[in-house]
A.B. asks: 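Quick one: the structure is below, questions incoming.
Heavy-atom basis, side chains included; hydrogens, waters and symmetry copies ignored.
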Amino acid sequence: MKIRRRGLPKGWYPATEEDIRGHLRRWSPSPAAVSAIAGVVPHAGWEFCGSMIASVLVSLSDEIQTMVVLGGHNPAGGLFINYKDDAWELPAGLYSRDAAYVDSVEKSLTKNMPSIEERNVDNTVEVVMAMAGVIKPRSKWAAWRVPSDERAIRFGELLAEAADREGRSVAVIGSTDLTHYGPNYVFMPPESRNDPVTWVEKRDRLLLDAIVSGDAERALELSASHLSACSIGGAIAAMSFALS
């Protein structure tokens, strides 16, 4: 069995299941009134955004058999990056991959959507997967890092088509942070400096509104022109899956 080990240091998320459950008790996420099949979450360390990840994961249907996490750090024109490990060793224990579902998706990829195996450590998937293994322990997982271009739209459709073929109840989480602002990112445009918080919030809201309204082309354009999302491909694919 090929097992993926933890790649991120402890500061990203806790090292034990007990600590994870302690965080969840503190956040006390409440399930949404309607069971969701897709969502968009950030992927910073849990101290910054763990409560938001938790609130989305608990809103997902209890009938989920396969949890798909779509990460990023994958530019426009890049290859799709597929996690092919049999299981992921997470704080809550081994979390098994849905190999049959993944194979069904991979076989449907078109020539302009080549896929390679993930061999690196990347936070965009791992910080979400560590929590999914606790909140949805009866599910299996699948994961890709999706390029930030229009192919993400078709990829979301392929995820839905594979779910139908394999008879799976699937949920898809798109992982993206929004505007990376400040000196650490060398991004502080002059027009933003009088009120950077409001400036960033307005730009981020435009992107979120595009995703909520199902306008993938607008979201892609805003991500590219406003630099308002670091990993828009995963979010676009999750949106496309939900609309399929």
Side-chain angles (χ1 to χ4, degrees), residues 32 34-43 52-53 55-74 76 78-83 97-110 112-115 118 124-125 127-129 131-132 135-136 139-178 207-220 222-223 229-244:
V34 178
S35 295
I37 60 169
V40 176
V41 301
H43 52 237
M52 286 184 278
I53 299 173
S55 67
V56 172
L57 291 181
V58 299
S59 75
L60 300 176
S61 169
D62 289 334
E63 304 304 315
I64 290 168
Q65 296 170 298
T66 306
M67 172 75 69
V68 179
V69 179
L70 303 178
H73 294 160
N74 194 344
L79 301 174
F80 285 80
I81 302 173
N82 177 13
Y83 289 67
R97 183 176 66 103
D98 189 340
Y101 176 76
V102 173
D103 288 347
S104 183
V105 174
E106 288 284 306
K107 289 176 182 177
S108 68
L109 295 181
T110 57
N112 73 331
M113 302 171 72
S115 170
E118 173 64 282
T124 64
V125 170
V127 296
V128 181
M129 198 69 74
M131 195 180 295
I135 293 178
K136 299 296 182 185
S139 68
K140 293 186 176 183
W141 64 270
W144 287 265
R145 289 202 282 129
V146 181
S148 296
D149 58 43
E150 67 281 352
R151 292 174 297 166
I153 303 170
R154 179 57 183 151
F155 189 72
E157 296 169 348
L158 294 178
L159 292 175
E161 291 167 9
D164 288 341
R165 281 195 304 274
E166 299 300 319
R168 296 287 199 277
S169 175
V170 174
V172 178
I173 298 296
S175 169
T176 182
D177 286 339
L178 299 183
L207 180 70
L208 292 173
D209 286 346
I211 293 173
V212 170
S213 67
D215 192 342
E217 289 79 7
R218 174 66 169 159
L220 286 165
L222 288 169
S223 175
C230 75
S231 302
I232 194 62
I236 293 296
M239 180 202 73
S240 177
F241 170 84
L243 295 173
S244 297

A.B. asks: Please report the closest heavy-atom contact between A38 and L60, naming both atoms and the distance.
C.D. replies: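 Closest heavy-atom pair between A38 and L60: N-CD2, 4.1 Å.
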
A.B. asks: Atom CD of E166 and atom CG of D103: how far apart are they, to the nearest 0.5 Å?
C.D. replies: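 Answer for the CD-CG pair, E166 versus D103, is 8.5 Å.
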
A.B. asks: Could you report the tightest heavy-atom contact between L222 and A210, atom names first, then the distance?
C.D. replies: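 Closest heavy-atom pair between L222 and A210: CD1-CB, 4.4 Å.
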
A.B. asks: Testing the basics here: between A235 and I211, what is the closest heavy-atom pair and its distance to 0.1 Å?
C.D. replies: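 For A235 and I211, the tightest heavy-atom pair comes out as CB-CD1, 4.1 Å.
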
A.B. asks: So, does T124 use its side chain to make a donor-acceptor pair with the main chain of G72 at under 3.5 Å?
C.D. replies: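 Confirmed, T124 side chain pairs with G72 backbone.
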
A.B. asks: Does one side chain, of E118 or Y83, offer a donor that lies under 3.5 Å from an acceptor on the other?
C.D. replies: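 Yes - a donor-acceptor pair under 3.5 Å links their side chains.
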
A.B. asks: Starting from the C-alpha separation in whole Å, work towards a yes-or-no answer on side-chain contact (heavy atoms from CB on, under 4.5 Å) for Y101 and V170.
C.D. replies: CA-CA 10 Å; Y101 176 76; V170 174; 3.9 Å; yes

A.B. asks: Examine the side chains of E106 and S115 and answer whether a donor and an acceptor come within less than 3.5 Å of each other.
C.D. replies: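 Distance-only check passes for E106 and S115.
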
A.B. asks: Calculate, to the nearest 0.5 Å, the distance between atoms CG and CZ belonging to L109 and R151 respectively.
C.D. replies: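 CZ of R151 is found 10.0 Å from CG of L109.
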
A.B. asks: For residues A160 and S244, report the shortest heavy-atom separation together with the two atoms involved.
C.D. replies: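 Distance-wise, the nearest heavy atoms are CB-CB, 3.6 Å.
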
A.B. asks: Between I37 and V172, does the side-chain contact (heavy atoms from CB on, under 4.5 Å) criterion hold? Intermediate values first, please.
C.D. replies: CA-CA 6 Å; I37 60 169; V172 178; over 6 Å; no

A.B. asks: If you define the side chain from C-beta out and look only at heavy atoms, does anything of I173 sit under 4.5 Å from V68?
C.D. replies: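 Not touching, per the 4.5 Å side-chain cut-off.
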
A.B. asks: Counting N and O atoms only, with roles assigned by atom type, does the side chain of N74 sit under 3.5 Å from a partner on the main chain of S148, one being a donor and the other an acceptor?
C.D. replies: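 Absent.
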
A.B. asks: Taking the side chain as everything from C-beta on, heavy atoms only, tell me whether E217 gets closer than 4.5 Å to D215.
C.D. replies: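 With C-beta onward as the side chain, the pair touches.
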
A.B. asks: Any sub-3.5 Å donor-acceptor pair from S213's side-chain atoms to D209's backbone N or O?
C.D. replies: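 Side chain of S213 to backbone of D209: a pair is present.
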
A.B. asks: When you measure from the side chain of R145 to the backbone of L70, do you find a donor-acceptor pair of N or O atoms at a distance under 3.5 Å?
C.D. replies: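 No, R145 side chain to L70 backbone: no donor-acceptor pair under 3.5 Å.
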
A.B. asks: To the nearest 0.5 Å, what is the distance between CD1 (I64) and CG (L57)?
C.D. replies: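 These two atoms lie 8.5 Å from each other.
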
A.B. asks: On a heavy-atom basis, which atom in G174 and which in A238 lie closest, and how many Å separate them?
C.D. replies: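 In terms of heavy atoms, the two residues are closest at N-CB, 3.6 Å.
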
A.B. asks: How far apart are the C-alpha atoms of E157 and L243, what are their side-chain angles, what is the distance that settles it, and do they pass the side-chain contact (heavy atoms from CB on, under 4.5 Å) test?
C.D. replies: CA-CA 8 Å; E157 296 169 348; L243 295 173; over 6 Å; no

A.B. asks: Side chains of H43 and S175: do they bring a donor and an acceptor to under 3.5 Å?
C.D. replies: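 Yes, because at least one side-chain N or O of H43 sits under 3.5 Å from a partner of the opposite role on S175.
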
A.B. asks: Is the closest basic N to carboxylate O distance between D62 and K136 below 4.0 Å?
C.D. replies: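 Salt bridge flag = yes for K136 with D62.
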
A.B. asks: Can a salt bridge be assigned to the pair E161 and R154 using a cut-off of 4.0 Å between side-chain N and carboxylate O?
C.D. replies: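 Here E161 pairs with R154 in a salt bridge, since their nearest N and O are under 4.0 Å apart.
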
A.B. asks: Donor-acceptor pair, S223 side chain versus I232 backbone, under 3.5 Å?
C.D. replies: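 Looks like no, no N/O pair under 3.5 Å.
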
A.B. asks: Return the CH2 to OG1 distance between W141 and T66, rounded to the nearest 0.5 Å.
C.D. replies: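 Separation between the atoms: 11.5 Å.
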
A.B. asks: What heavy-atom pair brings G214 and M239 nearest, and what distance separates the two atoms?
C.D. replies: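 The pair with the smallest heavy-atom distance is CA-SD, 3.4 Å.
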
A.B. asks: Would you find a donor on one side and an acceptor on the other, under 3.5 Å apart, between the side chain of Q65 and the backbone of S169?
C.D. replies: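 Checked: pair present.
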
A.B. asks: Could you tell me whether a side-chain N or O of R168 sits under 3.5 Å from a main-chain N or O of A162, the two making a donor and an acceptor?
C.D. replies: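 Between the backbone of A162 and the side chain of R168 there is no qualifying donor-acceptor contact (under 3.5 Å).
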
A.B. asks: How many angstroms lie between atom CZ of F241 and atom CD1 of I236, to the nearest 0.5 angstrom?
C.D. replies: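 Spacing of CZ (F241) from CD1 (I236) equals 15.5 Å.
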
A.B. asks: Keeping the roles fixed (side chain from S231, backbone from T176), state whether a donor-acceptor pair exists under 3.5 Å.
C.D. replies: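 Not a single qualifying donor-acceptor pair exists.
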
A.B. asks: With side-chain contact (heavy atoms from CB on, under 4.5 Å) as the test, would you mind laying out the steps for V146 and F80 before giving the verdict?
C.D. replies: CA-CA 5 Å; V146 181; F80 285 80; 3.7 Å; yes

